[in-house]
Amino acid sequence: MGVGMLQSMTLMGIIYGVHTFQEQERRMFSFTDMSLVNGALYVCGIMGPGTQTFGSFSFNSSATQNGVIAKLDLSGNVLHAEQLDPNSVNEVYGIEVSANTNEIYVVGQYISDSLKVDNEVLHIDSDAQNSFIVKYNNSFSALWAKNVLHIYILTRL
């Protein structure tokens with residue numbers, strides 16, 4: 001077993017809070033990005049298969065990896081956390097939050113199946129790298145989701 005740590009910091013490097021979580025067996029939870037806005041820390045990351053717990057929020061997935069987004073206060077308390085589609089292999093790489101509206105923008109990719117985020121469904125194209133952008137309101141409900149396909153054309157030299 002290991003212990004992970006998330007530190008919330010200002011741009012000047014002052015640590016405001018520390019949040020720890022336990023790893024179970026070989027399961028993992030890693031953070032890929034964060035945004036400090038209006039007195040809250042928003043984080044995104046990737047969890048491994050099985051059951052993962054972050055604060056009082058628990059997620060379960062049989063997929064090899066799933067994206068997770070969360071909001072913490074500056075003391076490190078998890079205020080809200082959500083898992084993207086647990087039936088799809090997906091990754092979240094970036095998060096940004098509007099200082100005016102607290103709307104949340106998340107970017108990442110989905111690999112094995114269509115991605116379902118609330119009522120939005122992004123279909124997979126097997127000939128492309130399937131990237132996505134999701135806009136959430138400040139209650140973490142998806143307002144829209146868009147896929148961005150990167151199609152690779154192979155040519156012989």
Side-chain angles (χ1 to χ4, degrees), residues 1-9 16-98 102-126 128-150:
M1 272 206 213
V3 175
M5 184 181 299
L6 170 68
Q7 297 177 340
S8 56
M9 294 183 257
Y16 280 99
V18 176
H19 179 79
T20 60
F21 60 95
Q22 292 282 45
E23 288 184 70
Q24 299 175 359
E25 299 168 9
R26 304 187 113 221
R27 299 178 182 138
M28 67 102 183
F29 196 114
S30 64
F31 298 100
T32 54
D33 196 16
M34 65 180 234
S35 181
L36 182 60
V37 176
N38 296 331
L41 178 66
Y42 295 80
V43 296
C44 66
I46 302 167
M47 65 171 267
T51 301
Q52 308 291 332
T53 302
F54 189 55
S56 62
F57 298 88
S58 186
F59 308 111
N60 190 29
S61 176
S62 59
T64 57
Q65 53 204 34
N66 279 127
V68 177
I69 57 175
K71 177 181 179 181
L72 293 81
D73 66 20
L74 295 181
S75 296
N77 300 306
V78 181
L79 304 174
H80 187 85
E82 288 203 6
Q83 173 186 17
L84 270 68
D85 186 352
N87 299 311
S88 167
V89 176
N90 56 77
E91 302 169 336
V92 179
Y93 298 129
I95 190 166
E96 192 61 53
V97 181
S98 168
N102 287 330
E103 292 173 325
I104 305 155
Y105 298 85
V106 175
V107 297
Q109 72 174 346
Y110 54 108
I111 301 164
S112 65
D113 294 305
S114 295
L115 180 67
K116 296 176 188 145
V117 181
D118 292 340
N119 294 323
E120 303 287 332
V121 178
L122 301 178
H123 297 286
I124 194 157
D125 183 334
S126 60
Q129 179 178 344
N130 296 272
S131 297
F132 66 86
I133 303 170
V134 179
K135 178 181 180 181
Y136 293 91
N137 65 17
N138 60 0
S139 300
F140 284 79
S141 294
L143 299 173
W144 52 257
K146 308 287 182 195
N147 61 348
V148 182
L149 301 178
H150 301 283

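Worth saying up front: this structure is predicted, and the values here are computed from it rather than measured.
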So, taking the atom named NZ in K146 and the one named NZ in K135, what distance separates them when rounded to the nearest 0.5 Å? 10.5 Å

Give the C-alpha distance, both sets of side-chain angles, the deciding distance and a yes or no for side chain to side chain contact (heavy atoms under 4.5 Å, CB included) between I133 and W144. CA-CA 8 Å; I133 303 170; W144 52 257; 3.8 Å; yes

Distance check, rounded to the nearest 0.5 Å: K71 atom NZ versus E82 atom CD? 12.0 Å

So, S35 side chain and E96 main chain: donor-acceptor pair closer than 3.5 Å or not? no

Begin from the C-alpha positions of N90 and D85 and carry the test side chain to side chain contact (heavy atoms under 4.5 Å, CB included) through to its verdict. CA-CA 8 Å; N90 56 77; D85 186 352; 4.2 Å; yes

Tell me whether the rings of F140 and Y42 are parallel (<30°), tilted (30 to 60°) or perpendicular (>60°). parallel

Check the pair M34, L41 against side chain to side chain contact (heavy atoms under 4.5 Å, CB included), reporting the backbone distance first and the verdict last. CA-CA 7 Å; M34 65 180 234; L41 178 66; 3.8 Å; yes

Checking side chain to side chain contact (heavy atoms under 4.5 Å, CB included) for the pair L143/D118: CA distance, chi angles, key distance, verdict? CA-CA 9 Å; L143 299 173; D118 292 340; over 6 Å; no

Measuring from S139:OG to I104:CD1, what's the distance to the nearest 0.5 Å? 8.5 Å

Main-chain N/O of L122 paired to N147 side chain as donor or acceptor, under 3.5 Å: no

What one should report as the nearest heavy-atom pair of V134 and A145 is CG2-CB, 4.0 Å

Separation of N138 CG from E103 CD (nearest 0.5 Å): 7.5 Å

Taking every non-hydrogen atom, the tightest pair across P86 and S61: O-OG, 3.2 Å

Rounded to the nearest 0.5 Å, how far apart are CD of Q52 and CG of N60? 9.0 Å

Looking only at heavy atoms, what is the nearest atom pair of S88 and L115, with distance? OG-CD1, 4.2 Å

Would you give the length of the straight line joining atom CZ of F132 to atom CD of E120, rounded to the nearest 0.5 angstrom? 12.5 Å

So does P49 get a backbone contact from the side chain of N66, meaning a donor-acceptor N/O pair under 3.5 Å? no

Nearest heavy-atom pair of A142 and Y136: which atoms, and what distance? N-CD2, 3.6 Å

Kindly indicate whether the side chain of V43, heavy atoms from C-beta on, has any atom under 4.5 Å from the side chain of L72. yes

Determine yes or no for a side-chain-to-main-chain donor-acceptor pair under 3.5 angstrom, with T32 supplying the side chain and V92 the backbone. yes

For residues Q65 and I46, report the shortest heavy-atom separation together with the two atoms involved. CB-CG2, 3.6 Å

Minimum heavy-atom distance S131-Y110, with the two atoms named: O-CE2, 4.0 Å

